[in-house]
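Residue numbering restarts at 1 for every chain, and letters A, B, ... go by the order of the sequence lines. Please read all numbers here as calculations on a predicted model, not as lab measurements.
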2 protein chains.
Amino acid sequence: MSGTHTDVPSMVATPLVLPVVADEYEQCPVTDVLRRVGDKWTVLVVVVLGQRPYRFNELHRGIPGISQRMLTRTLRGLEEDGLASRAVFPTVPPSVEYALTDLGRSLLGPLSAVADWAVEHQEQIARSRARVGQERFTAGGVQEPSRIAAPGQ
Amino acid sequence: MSGTHTDVPSMVATPLVLPVVADEYEQCPVTDVLRRVGDKWTVLVVVVLGQRPYRFNELHRGIPGISQRMLTRTLRGLEEDGLASRAVFPTVPPSVEYALTDLGRSLLGPLSAVADWAVEHQEQIARSRARVGQERFTAGGVQEPSRIAAPGQ
DNA sequence: CGGAATCCCAAGCGATACTG
DNA sequence: CAGTATCGCTTGGGATTCCG
């Protein structure tokens with residue numbers, strides 16, 4: 001995070017001068033994009049389209065759990081952001097082909113980084129979740145940290 | 001999931017307190033992690049904690065828009081996944097320090113890849129969204145692709 | 001075939017109030 | 001200080017139906 005996109009507070013807890021997003025929140029572009037990526041199907045669709053162009057129902061069959069509605073919405077989102085293209089072939093019955101744009105393909109790399117991380121650490125995460133879940137019952141005492149923080153501000 | 005044995009439910013109905021999540025979709029670990037990353041605050045919190053450990057209210061002040069509720073939930077999520085640690089200092093008033101674990105820090109790199117991509121292409125995306133938004137009204141004709149797909153079957 | 005429209009439930013999230 | 005509890009609004013998303 002090369003640090004220029006969001007007014008993340010610097011090292012010291014400063015009085016905090018935020019450029020106030022006066023109106024509603026639009027957040028930083030990172031958050032914005034991340035929410036796209038975080039929805040249930042976008043990543044999967046991008047990855048599949050990363051292989052080759054797909055027709056609508058072909059894509060539908062290629063991604064088992066998805067509904068037509070969500071496939072359509074996801075594709076519209078990608079199209080709107082310029083990540084995927086939509087080509088309509090005026091045949092009967094109509095044929096529509098979706099493909100990643102250059103921009104869309106440029107996302108594949110960064111996406112893979114996170115995806116690889118997820119694959120690599122999935123078991124560790126799963127174990128952590130299980131462990132924390134158990135500790136809910138055993139509910140031990142308070143940790144004894146190596147140093148004591150002075151709360152006195 | 002767990003197997004091939006046909007364990008016929010016996011006379012006794014299983015008490016079933018916990019929804020043992022025979023749920024159809026647990027999806028792949030990638031999707032699972034991506035949804036965590038895709039929620040509204042997780043990434044921001046991870047990035048901020050990536051700088052140094054923070055106390056709760058310090059973190060609260062450091063992330064302008066977030067509510068206590070969502071900060072708590074986000075931190076609990078990170079803790080559950082083993083990405084962040086929570087250290088309680090038995091002082092008065094109490095002091096709680098949050099920090100990234102090694103696992104959490106290992107996510108910073110991959111996350112940066114996507115974040116940098118977002119920063120780098122935010123304007124292109126914004127222009128695309130604006131353009132598509134306009135085309136909703138001008139609503140042009142059908143594209144004329146270079147080849148004709150045979151709809152076949 | 002490739003959608004759009006509608007319905008409806010569940011999850012995400014924010015605001016507020018209360019607590020140890 | 002560091003939370004928890006409750007409420008209600010807003011989105012996300014699945015199922016179904018209809019249409020060019």
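Among pairs with a residue in residues 102-119 of chain A, those fulfilling salt bridge (Lys or Arg N to Asp or Glu O under 4.0 Å) read D102(A)-R105(A), at least two apart in sequence or across chains.
With axes fitted over five pairs at each extremity, the angle between the ends of the helix from dC1(C)-dG20(D) to dG20(C)-dC1(D) is 40° (10° resolution).
Among dC1(D), dC13(C), dG14(D), the nucleotide with an atom closest to any side-chain atom of R61(B) is dC1(D). Looking at the side chain of T72(B), the nearest of the listed nucleotides dC13(C), dA4(C), dG3(D) is dG3(D). Closest to the side chain of N57(A), from the set dG2(C), dG14(C), dG3(D), is dG2(C). Set against dG14(C), dG14(D), dT16(D), the side chain of K40(B) has dG14(C) as its closest nucleotide. For V96(B), the side-chain atoms get nearest to dG3(D) when compared with the rest of dC1(D), dG3(D), dG20(D). Side chain of R69(A), nearest nucleotide from dT6(D), dC1(D), dT6(C): dT6(C). Distances from the side chain of P93(A) to the nucleotides dC13(C), dG3(C), dC1(C) place dC1(C) closest. The listed nucleotides are dA2(D), dG13(D), dG2(C); the one nearest the side chain of R35(B) is dG13(D). Taking every side-chain heavy atom of R86(B) into account, dA2(D) is the closest of dG12(D), dG3(C), dA2(D).
Residues satisfying the side chain to side chain contact (heavy atoms under 4.5 Å, CB included) criterion with A130(B), sequence neighbours excluded, are absent altogether. Residues passing the side-chain hydrogen bond (donor to acceptor under 3.5 Å, both in side chains) test with T74(B), sequence neighbours excluded: none. For S106(A), the side-chain hydrogen bond (donor to acceptor under 3.5 Å, both in side chains) test picks out W117(B), with sequence neighbours left out. By the side-chain hydrogen bond (donor to acceptor under 3.5 Å, both in side chains) test, S85(B) is found to be paired with no residue, residues two or more places apart in sequence or in another chain being considered.
Side-chain contact between Q68(A) and H60(A) is present, with heavy atoms from C-beta onward closer than 4.5 Å.
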